Asks: 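Below are the structure tokens for one structure; questions will follow.
None of these values were measured; they are calculated from a predicted model. Here is how names work: the chains are called A, B, and so on, in the same order as the sequence lines, proteins then strands, and each is numbered from 1.
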Amino acid sequence: MDYQEIVDYINRNFNELYSPDTGEEQAEFLRISPKDWKELAYFLRDDGNLVFDSMMCITGIDYGVEDENLGVAYNLHSMTHHHKFEVRIDVPKSKPMIPSVEKIWRIADWFEREVYDMYGITFEGHRDHRRILLPEDWEGFPLRKDYIFPETWHGIVVPKIKEEWE
Amino acid sequence: MGIETLTLDRSAIQGEEMVLNIGPQHPSTHGVLRLQVVTDGEIVTKITPYIGYLHRCFEKHCENVTYEQVIPFVDRCDYIASMNNNFGYAVAMEELMGIEVSEKVHYIRVIVAELNRIASHLLAIGTFGLDVGAFTPFLYCFRDRERILDLFELLCGARLLYNYIWVGGVSHDFPIGFVEKVYEFLDYFEPKIQEYNDLLTFNKIFIERTADVGVLPADVAISYGVSGPNLRGSGVKWDLRKNEPYSIYNKFDFDIPIGTGAMGTVGGCWDRYYVRIRELEESVKITRQALDQIPREGDVHAALPKKIRPPKGHVYSRTETPRGDLGFYIISDGKPKPFRLKLRSPAFTALSCINEIARGWMIADVIAILGSLDIVLGEIDR
Amino acid sequence: MVDLLLQKFSEVSFLSGMPSALLFVLAATLIALPLFMFVAVNALVAVYAERKISAFMQDRLGPMGQGVGLHAGKWGLLQTVADAIKLLIKEDIIPALADRKLFILAPFILFVGAFIVFVGIPFNQHILVADFNIGVFYIIAMSSIGVIGIIMAGYSSNNKWSLYGAMRSAAQIISYEIPLALSLITVIMLVGSLKMQDIIIAQHGLIWGILPNWFIFNNPFTFIAFFIFFISGVAEVNRTPFDLPEAESELVAGFHTEYSGMRWAFFFLAEYANMFIVAAMTSIIFLGGWQSPIPGFLNGPGWGLFWFFSKAGFLIFVMMWFRWTFPRLRTDQLMQMCWKYFLPFSLINLLGVGLWDLWLN
Amino acid sequence: MYTNFGTVFIFVIIGIILVAFPLLLQRILAPSRKTPDKLTTYECGEDAVGGAWIQFNIRFYVVALIFIIFDVEVILLFPWAVVYKELGLFAFVEMMIFLAILSVGLIYIWRKGDLDWVKYSVPYGRGRYKKLKIVPKQVPAVVAEIGDRGSTIVDVTTS
């Protein structure tokens with residue numbers, strides 16, 4: 001199935017709940033709200049026509065300093081039917097909470113931890129919700145666009161690079 | 001998806017549980033990985049990997065440099081297979097920008113990528129042998145890997161971090177006589193595979209140590225996003241070069257070796273190891289075909305502006321590196337710097353399943369299982 | 001040897017007035033010093049040989065040096081000497097949490113345990129420090145003192161890796177001692193004496209006119225016993241594929257992780273001394289010791305030394321060959337190999353040798 | 001006049017002196033700049049979690065016991081082997097009966113599984129338990145189509 005067929009199929013099963021993204025990006029992904037995610041995730045994995053048994057990637061996105069949303073992109077792939085799909089969930093920066101799919105695709109465990117580590121998005125229901133790449137006591141979420149680099153860490157001075165990276 | 005929980009037979013007398021750190025300074029963690037294991041005697045009951053010792057903020061860096069300048073950073077992610085990483089990034093960028101590169105560039109990329117795959121697998125095989133205590137195969141592998149590095153040095157001046165495959169082409173054409181040298185290497189290398197088999201693969205002790213150990217069933221592997229030789233070792237015939245051909249891989253005739261459980265259960269360490277050995281042969285096959293067909297004439301650069309400005313949009317593209325699916329999620333906002341660049345690392349996903357498959361085994365087995373997963377910490381920590 | 005020296009002393013005028021106990025101590029010391037030198041030189045040579053052999057097996061050159069300046073001498077001959085000097089001037093570190101007394105004592109026990117075994121080894125017809133009437137038994141007994149040193153080292157370091165190494169070593173060495181001793185007994189049954197020289201002399205002559213009458217060729221059961229003995233011996237000295245107590249890819253350095261400098265050097269010396277002991281014992285018991293392969297050919301005391309060292313040297317080479325070609329076994333496989341294969345086989349061997357002997361006589 | 005063991009005793013003393021001498025030499029030659037970090041126990045670069053002096057499960061109590069039995073047996077065998085040629089058939093039969101009794105013990109321990117290192121189970125595959133009952137797991141149809149999934153899940157109830 002290609003992208004359009006998958007969207008239609010989901011809409012048939014979910015009562016026309018989701019509409020394809022119509023933003024200016026000519027993007028092929030489905031934008032949903034966090035509350036529907038868990039149910040959809042089970043459907044995507046277990047439905048006989050979709051069988052997205054493989055989670056390729058989870059990417060956290062910060063839409064910019066002005067934008068009030070953070071996004072998470074889930075890239076799915078089916079090893080059975082050889083089709084792909086992308087789901088994107090936007091959450092407000094004030095309350096970044098997304099249900100965890102760590103029990104559905106086991107790899108989501110580490111990917112979600114990484115997104116939390118870098119963007120501070122909390123994944124509800126994650127059994128091991130910790131930082132993964134950064135030290136446990138790191139402050140702030142470095143991949144956010146408004147992240148301010150720390151001067152020191154545990155007394156170690158971070159060398160300042162004067163010139164612009166270009 | 002069947003994720004079974006481990007049950008322990010606690011009828012045997014229990015000692016105190018000991019918390020043991022394997023790494024970051026340990027001979028066989030393949031970098032600076034720390035595994036905190038809970039052991040009961042020699043048996044490991046729980047493994048908690050701690051990563052990030054090599055974290056270099058790759059993704060944050062990428063947001064601050066232009067698209068061309070990302071390539072050296074990509075090199076430094078998987079420093080064992082830099083060519084393949086460059087290749088993956090170039091493929092992703094070309095998909096994002098919708099450009100087509102010339103025939104010759106495709107051939108050059110395939111040849112260097114396959115050579116680097118051989119080099120990377122040689123390292124994996126050698127260090128795996130080292131992990132189970134065989135020292136000699138390691139040096140044999142390095143001897144042959146050295147020849148590939150010499151070829152790359154001739155090609156682009158660097159031995160480890162090549163910065164060779166660029167967006168829209170490669171940095172420069174093959175030097176004179178390079179094709180003949182590669183032929184020469186392949187003729188030299190092909191009989192050597194038998195040497196590894198004699199020395200290590202079919203050694204009785206080696207089989208005892210690795211077959212049946214650390215079994216990774218196919219469904220668990222897919223659920224954990226394990227890819228590449230590790231997934232194929234579990235008996236899943238899945239290779240992006242064949243299933244989702246990128247570049248010109250559909251022009252070549254090659255097989256996808258999978259784990260068959262010849263020496264034990266499908267998906268054991270031995271299967272993962274043997275898939276790599278078999279892939280050496282396949283890579284030699286592909287390289288030979290590419291060398292036979294490569295067009296002599298042609299430009300190796302696409303007509304690109306000095307500063308690449310991809311159109312607004314996003315792409316998720318993945319390619320097959322020696323370690324598995326290397327994915328790039330790139331979002332462009334039309335400026336010369338990436339808005340967001342995420343690298344989906346195959347070794348990251350492979351390592352995440354270590355607690356699942358390695359508990360219940362002994363310390364020696366945990367080391368062997370870790371070796372068989374062939375992780376590169378530079379790529380895990382990015 | 002001691003008696004011989006005492007006899008010599010009695011002929012020297014200025015020594016004759018001294019008390020005999022003092023003379024005895026003097027004589028023993030005069031033998032002990034060269035023997036110690038031998039142990040040290042043995043380690044130097046063996047380390048150099050190991051480096052070169054491993055290098056040639058691995059398609060490289062090993063230590064080399066040429067030209068002027070600081071280097072390891074021609075063909076790297078001075079490499080091990082440089083190593084020894086480096087170890088001597090290295091800082092000696094005892095971890096703060098370690099059990100100091102045991103930590104210091106361990107290398108003494110390990111090394112002295114290996115050193116006194118040399119008392120019972122006949123190098124040729126005459127060079128044998130003390131010809132015990134229980135010679136073989138003495139060597140078996142003394143060579144297992146080393147394990148106490150290993151356990152002590154591992155335990156006292158208060159390091160988890162060392163503890164693992166020590167525990168593995170304890171289980172391994174005590175287990176392999178049984179097949180080792182049982183295959184030794186097959187030979188003693190045929191000789192009827194525990195004296196080392198008697199065992200060697202019993203191997204004089206030829207069988208079927210072609211093969212030397214060594215116990216390895218004596219009958220099919222001693223042939224098997226030879227292999228059990230040798231492999232168990234390799235396991236006793238913790239060499240690959242049985243180097244679990246110091247498996248560097250698993251246990252970092254096993255029981256001697258915390259040792260450095262000279263203290264570590266004595267573990268090292270003891271390891272190579274033990275290697276020599278195993279090779280020497282195997283060649284004495286199964287390969288005719290200092291006897292020439294052809295009776296009456298090149299048979300003097302000097303040639304005796306030559307034959308003894310070439311046999312032992314070959315077996316040491318085989319041990320190195322093992323090390324650089326085999327992967328390492330796992331603990332449970334190691335134990336199973338001992339208890340499930342070697343032990344039943346050596347019991348059957350015992351039965352077989354008994355029947356063979358009864359049938360022939 | 002002086003026994004061979006007297007020589008051994010002197011060798012022990014000389015051995016101790018010869019080990020102590022280089023250690024003293026090292027104390028003179030080598031630098032000694034101790035720092036608290038240098039004196040910590042090696043734990044792969046991390047701070048050690050707990051010490052090593054714990055109750056350690058070596059899982060070899062039974063083997064330790066059989067070792068003692070067999071070692072005593074070996075000691076008994078040495079004098080027997082020396083006089084074996086003189087005593088002939090009688091000694092042989094007698095000792096074989098003794099060995100047979102011990103072997104029964106070995107076989108018993110073997111059958112009970114005490115020679116196997118552990119009774120732990122592993123999550124997937126048979127691992128060390130070649131004889132365990134294999135319960136074929138319900139393979140999801142999806143996965144079955146992807147490739148030959150040969151691995152099975154072990155029933156962890158040891159027989």
Side-chain angles (χ1 to χ4, degrees), chain A residues 23-29 45-46 51-64 71 73-80 82 84-86 88 103-111 113-115 117-118 128 130-136 138 142-145 147 149 161 164-166, chain B residues 1 3 48-57 59-61 63-66 69 218-227 231 236 238 243-244 311-316 318 325 327-333 336-337 339-345 348-353 355-356 380-382:
Chain A
E24 57 181 311
E25 291 177 45
Q26 290 297 308
E28 295 195 332
F29 56 73
R45 192 193 72 180
D46 295 335
V51 204
F52 286 107
D53 47 7
S54 154
M55 166 79 77
M56 291 194 289
C57 191
I58 298 178
T59 312
I61 304 156
D62 185 351
Y63 291 111
Y74 295 83
N75 290 82
L76 300 165
H77 176 256
S78 169
M79 302 286 275
T80 317
H82 299 308
K84 321 178 163 184
F85 196 56
E86 183 176 336
R88 200 179 278 188
K103 285 175 188 160
I104 305 174
W105 295 282
R106 286 295 292 128
I107 184 54
D109 181 355
W110 278 29
F111 276 146
R113 277 174 69 187
E114 195 193 339
V115 172
D117 201 356
M118 296 299 168
D128 187 21
R130 293 180 285 130
R131 282 188 182 273
I132 185 164
L133 290 173
L134 301 178
E136 302 255 326
W138 193 264
L143 275 181
R144 286 199 185 182
K145 299 279 181 192
Y147 179 70
F149 288 93
I161 298 160
E164 185 72 21
W165 293 335
E166 198 79 52
Chain B
M1 296 284 130
I3 314 293
T48 320
Y50 287 89
I51 59 174
Y53 287 90
L54 212 59
H55 183 54
R56 290 150 298 173
C57 322
E59 284 161 20
K60 191 77 179 172
H61 269 297
E63 289 174 17
N64 288 292
V65 296
T66 60
Q69 287 171 333
D219 52 350
V220 180
I222 292 168
S223 185
Y224 269 95
V226 174
S227 51
L231 181 64
V236 181
W238 177 261
N243 297 67
E244 289 177 9
K312 272 193 174 181
H314 79 283
V315 69
Y316 181 77
R318 51 180 185 167
D325 302 359
F328 281 98
Y329 192 97
I330 306 173
I331 302 177
S332 159
D333 58 352
K337 293 177 184 175
F339 181 74
R340 172 79 171 104
L341 193 152
K342 157 98 185 173
L343 185 145
R344 182 264 198 216
S345 135
F348 184 80
T349 59
L351 182 65
S352 74
C353 73
N355 185 36
E356 185 75 28
I380 290 173
D381 296 343
R382 277 155 290 157

Asks: A side-chain contact here means heavy atoms from C-beta on lying under 4.5 Å apart; do A:R130 and B:T48 qualify?
Replies: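 Answer yes - side chains close enough.
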
Asks: Just jot down the salt bridge (charged side-chain N to carboxylate O under 4.0 Å, His left out) partners of B:E59, sequence neighbours excluded, or say none.
Replies: B:R340, B:R382

Asks: Supply the atom-to-atom distance A:W110 CH2 to B:I380 CD1, rounded to the nearest 0.5 angstrom.
Replies: 6.5 Å

Asks: Side-chain contact, heavy-atom cut-off 4.5 Å: B:E63 with A:K145?
Replies: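 In contact.
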
Asks: Report which part of A:N75 has an atom under 4.5 Å of a heavy atom belonging to chain B: side chain, backbone, both, or neither.
Replies: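 A:N75 touches chain B through side-chain heavy atoms alone.
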
Asks: Could you state the interatomic distance from OG1 (A:T59) to CZ (B:F328), rounded to the nearest 0.5 Å?
Replies: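 One finds 12.0 Å between OG1 of A:T59 and CZ of B:F328.
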
Asks: Would you say the rings of A:W138 and B:H55 are close, in the sense that their centroids are separated by under 6.0 Å?
Replies: no

Asks: Measure the OH-NZ distance between B:Y316 and A:K84 for me, rounded to the nearest 0.5 Å.
Replies: 7.5 Å

Asks: Which bit of B:D381 comes within less than 4.5 Å of chain A, counting heavy atoms only: side chain, backbone, both or neither?
Replies: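 It is both, since atoms from each part get that close.
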
Asks: Check whether A:R113 gets within reach of chain B through its side chain, its backbone, both or neither, counting any heavy atom under 4.5 Å.
Replies: neither

Asks: Using non-hydrogen atoms only, which part of A:I132 is less than 4.5 Å away from chain B: side chain, backbone, both, or neither?
Replies: both

Asks: Working to the nearest 0.5 Å, report the span between CG of B:D325 and OG of A:S54.
Replies: 7.5 Å

Asks: Looking at every non-hydrogen atom in both residues, tell me the closest pair between A:M56 and B:R344 and how far apart they are.
Replies: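 Shortest heavy-atom contact: O-NE, 2.6 Å.
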
Asks: Below 4.5 Å from any heavy atom of chain B, which atoms of A:K103 appear? Answer side chain, backbone, both or neither.
Replies: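 Nothing of A:K103, per the 4.5 Å heavy-atom cut-off to chain B.
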
Asks: Does any heavy atom of chain B fall under 4.5 Å from the side chain of A:D62, the backbone, both, or neither of them?
Replies: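 The backbone, not the side chain.
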
Asks: Considering non-hydrogen atoms only, spot the tightest contact between A:G64 and B:F339 and give its length.
Replies: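 Minimum heavy-atom separation between A:G64 and B:F339: N-CZ, 4.1 Å.
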
Asks: Kindly assign one of parallel, tilted or perpendicular to the pair B:W238 and A:H77, based on the angle between their ring planes and the thresholds 30° and 60°.
Replies: tilted

Asks: Counting only non-hydrogen atoms closer than 4.5 Å, does A:M55 touch chain B with its backbone (N, CA, C, O), its side chain (CB onward), both, or neither?
Replies: backbone

Asks: Side chains of A:F111 and B:K342, heavy atoms from C-beta outward: is any pair under 4.5 Å?
Replies: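 Result yes, sub-4.5 Å side-chain heavy-atom pair found.
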
Asks: Could you tell me which portion of B:L341 (side chain, backbone, both or neither) has an atom closer than 4.5 angstrom to a non-hydrogen atom of chain A?
Replies: neither

Asks: So which heavy atom on B:I222 is nearest to which on A:D53, and how close?
Replies: CG2-O, 3.4 Å

Asks: Pick one of side chain, backbone, both or neither for B:L54, based on which atoms fall under 4.5 Å of a heavy atom in chain A.
Replies: neither

Asks: Against chain A, work out which of B:G225, B:G52, B:S352 has the most heavy-atom pairs shorter than 4.5 Å and name it.
Replies: B:S352

Asks: When you measure from the side chain of B:S223 to the backbone N and O of A:R106, does any donor-acceptor pair fall under 3.5 Å?
Replies: yes

Asks: B:N243 versus chain A, heavy atoms under 4.5 Å apart: side chain, backbone, both or neither?
Replies: side chain

